[in-house]
Every structure is written in structure tokens, then in C-alpha cells.
Trainee: 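Quick one: the structure is below, and I'll ask about it shortly.
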Amino acid sequence: MTRILPVAGPADAAIEEAAALLRAGGLVAFPTETVYGLGADGLNPAAVARIYAAKGRPATNPVILHVADAASAQTLVSHWSPEAQRLAERFWPGPLTLVLPASGTVPSIVRAGGPSVALRCPAHPVALALIRATGRPLAAPSANRSQHLSPTLAQHVASSLGEAVDLILDGGPTEAGLESTILDLSRGRPCVLRPGPIPPADLEVLVGPVDLWEGAVRAGDRQAAPGMAERHYAPRARLQLVAPGSGLPETPGGTLFGTSGSVAYVALGTLPPLPPGVRGILLPLDADLVGARLYALLHELDDAGCERIFMERPPEDEAWLAVRDRLRRASAKEQP
Ligand code: TXA
Ligand code: MG
């Protein structure tokens with residue numbers, strides 16, 4: 001069994017133990033304010049290679065380096081722009097990842113061979129204490145098998161990665177529930193590669209107009225960023241989006257979804273009438289609350305053996321951008 005250590009706060013003895021494991025090249029999963037990360041010493045290529053192996057992650061998909069402050073971030077880039085400075089001052093620690101031109105200190109495997117590095121300072125006392133105790137930037141993708149749902153609980157990490165991780169620090173449920181906003185500052189106009197808890201409008205106040213990478217808003221066949229595969233963040237159950245209030249879609253045979261008990265319907269705001277046997281789940285019509293709850297709910301439905309999930313399409317406004325993005329990816333067709 002993978003070891004799971006509860007950690008009460010930044011002074012907990014578990015943090016020093018985890019830091020020692022990381023310095024020795026081990027893998028430690030830890031809580032952040034977004035989702036759990038699978039951490040390794042970001043300056044040790046062999047340790048980072050273990051992350052890729054544990055996740056089954058393609059070598060073409062770079063990882064984020066987590067730092068404790070902007071000063072550490074500056075040692076990892078070749079150019080720290082005024083925009084980066086303003087954003088870091090305003091949003092760090094917090095769920096914003098900045099993509100910047102990498103300095104020579106960043107191992108190639110972290111960048112997947114590319115010229116840039118993604119940096120983030122997480123707003124979680126345990127994550128920050130762990131980075132400081134280790135004394136290195138921590139490479140940390142979400143702590144799940146590649147293409148699967150991100151973990152918002154320590155238990156999700158254990159069931160997705162099992163023995164592949166040396167230690168899991170359990171800091172309880174994560175707060176934001178969706179991964180950080182990723183902003184590319186490494187070329188031309190700033191571009192949001194992945195929508196997240198910080199909406200583009202909040203970034204624009206500081207850096208002027210930002211682009212939204214088209215793959216982040218609608219299905220596309222090109223990948224701007226290596227990790228932006230269309231199907232991603234997906235539950236095992238088949239997820240299908242439906243119009244709000246529509247109830248279960250009609251099926252040619254009639255009662256296909258009526259009795260099996262393996263079908264769930266997730267409503268936003270109001271639960272419509274549903275056939276017997278269908279598990280109805282009501283979420284509030286509030287983007288932050290749905291974001292915080294979404295992955296945990298999909299994990300629960302998977303664990304309950306649910307085979308099909310129908311979920312109401314969220315509203316079109318910007319507040320729902322990150323939730324829409326994750327739902328679109330989670331419901332995309334499996335790629336060969
Ligand atoms: O909230 C988060 O960001 C979480 C927590 C653990 O910090 N981390 C996370 O990491 O979501 P991951 O690896 O699951 O997703 C990071 C994304 C990937 O899609 C990757 O392709 C992209 O960031 N990325 C990493 N480095 C990049 C780079 N240099 N240029 C463009 N995209 C990059
Ligand atoms: Mg991920």
C-alpha cells in the first residue's frame with residue numbers, strides 16, 4: 001500500500017520527511033489549492049523521468065515547476081518581463097501558471113525539449129512549506145494517470161497511481177478543484193492556454209488584451225501546447241452534455257436508461273423529472289462551486305460503477321469558461 005500521511009499544516013513533521021524523499025529523487029504527491037500534484041525535484045532529470053513513467057505521460061508534454069516565490073521563479077527564466085512581475089505580484093501565490101523563456105538551469109525533460117518553462121507558486125501552506133523544505137523547485141503535474149481525472153482528494157491519488165508514488169501528503173480536499181489558469185508570456189501577445197480559476201478579464205487588467213487559445217474554447221485538431229490533447233480530464237463513464245432542463249435524451253428503443261441504475265443525470269440549478277433508476281444530482285448554478293465539486297463528483301460516479309453521465313451544459317459566460325473547457329474535454333470522444 002502507498003503511504004498516505006495526514007498533514008495538518010506547514011509545521012507538520014511529515015513535510016520534512018517528504019522533503020527528504022524528494023531530495024533523494026523520490027515522488028511525493030501533495031495538495032495545492034487547485035488539485036493534488038505529483039512532485040519530484042525539478043532540477044533532477046532522473047526524478048522527473050519517474051513522474052512521466054508513473055503517469056504514463058507522453059515525453060512531449062512538459063511539466064510545471066512549482067516555486068515558493070517570484071524570486072525563485074526568476075532564476076529559472078532567461079527573461080523576467082514587467083508583465084510577469086505584475087502578474088506574480090497580484091496573483092502569486094495562486095492558481096496562475098506563467099509560461100516564460102527557460103534559463104539553462106531548467107532540465108530539458110521538464111520543458112519536453114522546448115524553449116519555455118511553466119512556473120507556478122501555489123497558494124497552499126503545505127505545498128509552499130514542502131517547496132521550501134526541499135530547497136528546489138518542484139516539478140508537479142496533476143497526480144493522476146495521463147488523460148484521467150485530476151485528483152482533488154488524497155484517496156484519488158492513491159487509486160490512480162498506487163505504488164508508483166512513494167508518499168502522499170493528505171491535506172484534505174483541494175479548494176478550487178480545477179487546475180490553474182495557464183498564461184503563455186513566451187511569445188507575442190499573452191495567450192491563455194488553459195482556462196482556470198483566474199478568468200482572462202482579471203489578467204487583462206494587468207497586461208492588456210490576452211488571446212484565448214482556440215483549443216481552449218472549442219474543439220480543434222491542432223495542439224498549441226503539447227499537453228492540450230482533446231480528450232483529457234476524463235472519467236471512465238461516458239459523459240454527454242445536454243441542454244439545461246432537458247432531462248434524459250430520447251433514445252430510439254425507449255427505456256434504455258430507465259432501470260440499470262448505472263446512469264446519472266447532473267443538473268445545474270434545478271433537477272428536472274427523471275425516469276426511475278436514474279441517479280439525479282443537483283449542483284448549484286454557481287461556476288466556482290461547480291468547479292470545486294466537479295472532479296470529486298466524477299470520481300464518485302466512477303467509483304459507484306456509473307456507466308453513463310448526462311450533464312447539463314453550463315451557461316456561456318466567462319465565469320464558466322474553465323468548467324466548460326473541462327467538460328468539453330471530459331466528454332470528447334476517445335482518441336485512438
Ligand atoms: O493547477 C495546476 O496547474 C496543477 C497543480 C498540481 O499545480 N498542475 C497541473 O499540471 O495541472 P499538468 O501537468 O497536469 O498540466 C500542466 C499543463 C499541461 O497541459 C502542459 O502541457 C502545460 O501545462 N505546460 C507545461 N509546461 C508548458 C510549457 N513550457 N509550455 C506550454 N504548456 C506547458
Ligand atoms: Mg493534468
Side-chain angles (χ1 to χ4, degrees), residues 27-40 42 48 51-52 54-67 76-78 91-103 106-124 126-128 130-131 137-152 156-157 160-161 169 171 174-187 190-198 213 215-216 223-234 291-292 295 322 325-326 329-330:
L27 295 187
V28 174
F30 61 95
T32 79
E33 82 280 33
T34 58
V35 299
Y36 275 76
L38 178 61
V48 178
I51 292 182
Y52 283 84
K55 283 183 59 91
R57 185 177 180 106
T60 50
N61 189 358
V63 295
I64 299 175
L65 288 184
H66 294 67
V67 294
L76 301 166
V77 303
S78 62
F91 293 112
W92 283 4
L96 176 65
T97 296
L98 299 177
V99 174
L100 292 160
S103 75
V106 180
S108 171
I109 188 169
V110 167
R111 302 177 271 111
S116 63
V117 62
L119 298 170
R120 152 164 146 77
C121 175
H124 194 293
V126 170
L128 289 172
L130 184 64
I131 298 165
L138 294 184
S142 52
N144 52 277
R145 294 279 304 168
S146 191
Q147 306 236 316
H148 288 195
L149 284 177
S150 292
T152 59
H156 296 156
V157 181
S160 188
L161 294 174
L169 294 180
T174 63
E175 197 185 315
L178 293 183
E179 303 84 350
S180 61
T181 302
I182 302 181
L183 184 68
D184 189 349
L185 291 175
S186 72
R187 40 185 177 184
C191 180
V192 172
L193 297 179
R194 179 176 71 185
I198 298 177
W213 175 57
Q223 284 185 33
M228 304 296 164
E230 202 33 46
R231 185 176 160 90
H232 225 98
Y233 315 101
Y295 288 155
D325 172 77
R326 301 307 188 278
R329 290 173 200 282

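Quick note: residue numbers are just sequence positions, from 1. All heavy atoms count here, side chains included; hydrogens, waters and symmetry mates do not. Counting starts at 1 for both ligands and their atoms, in listed order.
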Trainee: Under 3.5 Å, side chain of S160 to main-chain N/O of R145, donor-acceptor pair present?
Mentor: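 Indeed, once roles are kept as given, a pair shorter than 3.5 Å links the two residues.
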Trainee: Would a 4.5 Å heavy-atom cut-off, applied to side chains only, mark H148 and K55 as touching?
Mentor: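 Counting from C-beta outward, H148 and K55 never come under 4.5 Å.
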Trainee: Do the non-hydrogen side-chain atoms of S180 and R194 ever get within less than 4.5 Å of each other?
Mentor: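 Of all side-chain heavy-atom pairs linking R194 with S180, at least one is under 4.5 Å.
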Trainee: Donor-acceptor check, side chain of R326 to backbone of E179, threshold 3.5 angstrom: yes or no?
Mentor: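 A pair under 3.5 Å: yes.
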Trainee: Could you tell me which residues satisfy side chain to side chain contact (heavy atoms under 4.5 Å, CB included) with S186, sequence neighbours excluded, listed by chain and number?
Mentor: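 Here the qualifying residues are V99, P101, S116, D184.
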Trainee: With a cutoff of 4.0 Å, is S116 in contact with ligand 1, counting heavy atoms of the residue only?
Mentor: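 Contact check S116 vs ligand 1: positive.
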Trainee: Does ligand 1 have a heavy atom under 4.0 Å from the side chain of D184, from its backbone, from both, or from neither?
Mentor: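 The answer is neither.
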Trainee: Measure from the side-chain N and O atoms of T32 to the backbone N and O of T34, and report whether any donor-acceptor pair falls under 3.5 Å.
Mentor: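 Yes; at least one donor-acceptor contact below 3.5 Å.
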Trainee: I'd like to check which ligand 1 atoms, numbered from 1 as shown, lie under 4.0 Å from a non-hydrogen atom of E179.
Mentor: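 Answer for ligand 1: 1 (O), 2 (C), 11 (O).
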Trainee: With sequence neighbours left out, what residues match A140 under side chain to side chain contact (heavy atoms under 4.5 Å, CB included)?
Mentor: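 Per chain and number, A140 pairs via side chain to side chain contact (heavy atoms under 4.5 Å, CB included) with F30, H66.
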Trainee: Which ligand 1 atoms, with their elements, are less than 4.0 angstrom from a heavy-atom of A118?
Mentor: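 So the atoms of ligand 1 that pass are 25 (C), 26 (N), 27 (C), 29 (N).
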Trainee: Find all atoms of ligand 1 within a distance of less than 4.0 Å from any non-hydrogen atom belonging to G37, and give their numbers and elements.
Mentor: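 What qualifies from ligand 1 is 6 (C).
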Trainee: Counting each atom of ligand 1 from 1 as listed, which ones have a heavy atom of L193 under 4.0 Å away?
Mentor: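 Once the distances to L193 are compared, the set is 31 (C), 32 (N).
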Trainee: Just jot down the salt bridge (Lys or Arg N to Asp or Glu O under 4.0 Å) partners of E175, sequence neighbours excluded, or say none.
Mentor: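 Per chain and number, E175 pairs via salt bridge (Lys or Arg N to Asp or Glu O under 4.0 Å) with no residue.
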Trainee: Could you tell me which atoms of ligand 1, counted from 1 in the order shown, lie closer than 4.0 angstrom to a heavy atom of N61?
Mentor: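 Near N61, meaning under 4.0 Å from one of its heavy atoms, ligand 1 has 18 (C), 20 (C), 21 (O).
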Trainee: May I ask you to list the atoms of ligand 1 that are less than 4.0 angstrom from any heavy atom of T34?
Mentor: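 Matching atoms, with element in brackets: 1 (O), 2 (C), 4 (C), 5 (C).
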Trainee: Does R57 reach the main-chain N or O of I51 with its side chain, forming a donor-acceptor pair under 3.5 Å?
Mentor: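 No: the side chain of R57 does not pair with the backbone of I51.
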Trainee: Less than 4.0 Å is my threshold; does some heavy atom of R120 fall inside it relative to ligand 1?
Mentor: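 Checking ligand 1 against R120, which is what was asked, there is a heavy-atom contact under 4.0 Å.
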Trainee: Counting heavy atoms only, name the option from V35, L38, T181 that's nearest to atom 4 (C) of ligand 1.
Mentor: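 Result: the heavy atom closest to atom 4 (C) of ligand 1 is in V35.
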Trainee: Using distance alone, decide if ligand 1 has a nitrogen or oxygen within less than 3.5 Å of any nitrogen or oxygen in S142.
Mentor: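 Yes, S142 has an N/O under 3.5 Å of an N/O on ligand 1.
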Trainee: Out of all atoms in ligand 1, which are within 4.0 Å of some heavy atom of S180? Include the element for each.
Mentor: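 With S180 as reference, the close atoms of ligand 1 come out as 1 (O), 2 (C), 3 (O).
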Trainee: Would you say T32 and ligand 1 have an N/O pair spaced under 3.5 Å apart?
Mentor: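 Min N/O separation from ligand 1 is not below 3.5 Å for T32.
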Trainee: Side chains of L169 and P31: closer than 4.5 Å at any heavy-atom pair?
Mentor: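 They are in side-chain contact.
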Trainee: Closer than 2.8 Å to the Mg ion (ligand 2), how many protein N/O/S atoms do you count?
Mentor: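 Near the Mg ion (ligand 2), the number of protein N, O or S atoms below 2.8 Å is 1.
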Trainee: For ligand 1, is any non-hydrogen atom under 4.0 Å from K55's backbone (N, CA, C, O), its side chain (CB onward), both, or neither?
Mentor: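 The answer is neither.
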Trainee: Closer than 3.5 angstrom, by distance alone: can the side chain of Y52 be matched with the main-chain N or O of N61 as a donor-acceptor pair?
Mentor: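 Looks like yes, one N/O pair under 3.5 Å.
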Trainee: With distance as the sole test, does T181 use its side chain to make a donor-acceptor pair with the main-chain N or O of I198 at under 3.5 Å?
Mentor: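 Here the side-chain-to-backbone pair exists.
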Trainee: Is R120 reaching over with its side chain to a backbone N or O of G94, donor-acceptor style, under 3.5 angstrom?
Mentor: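 Yes.
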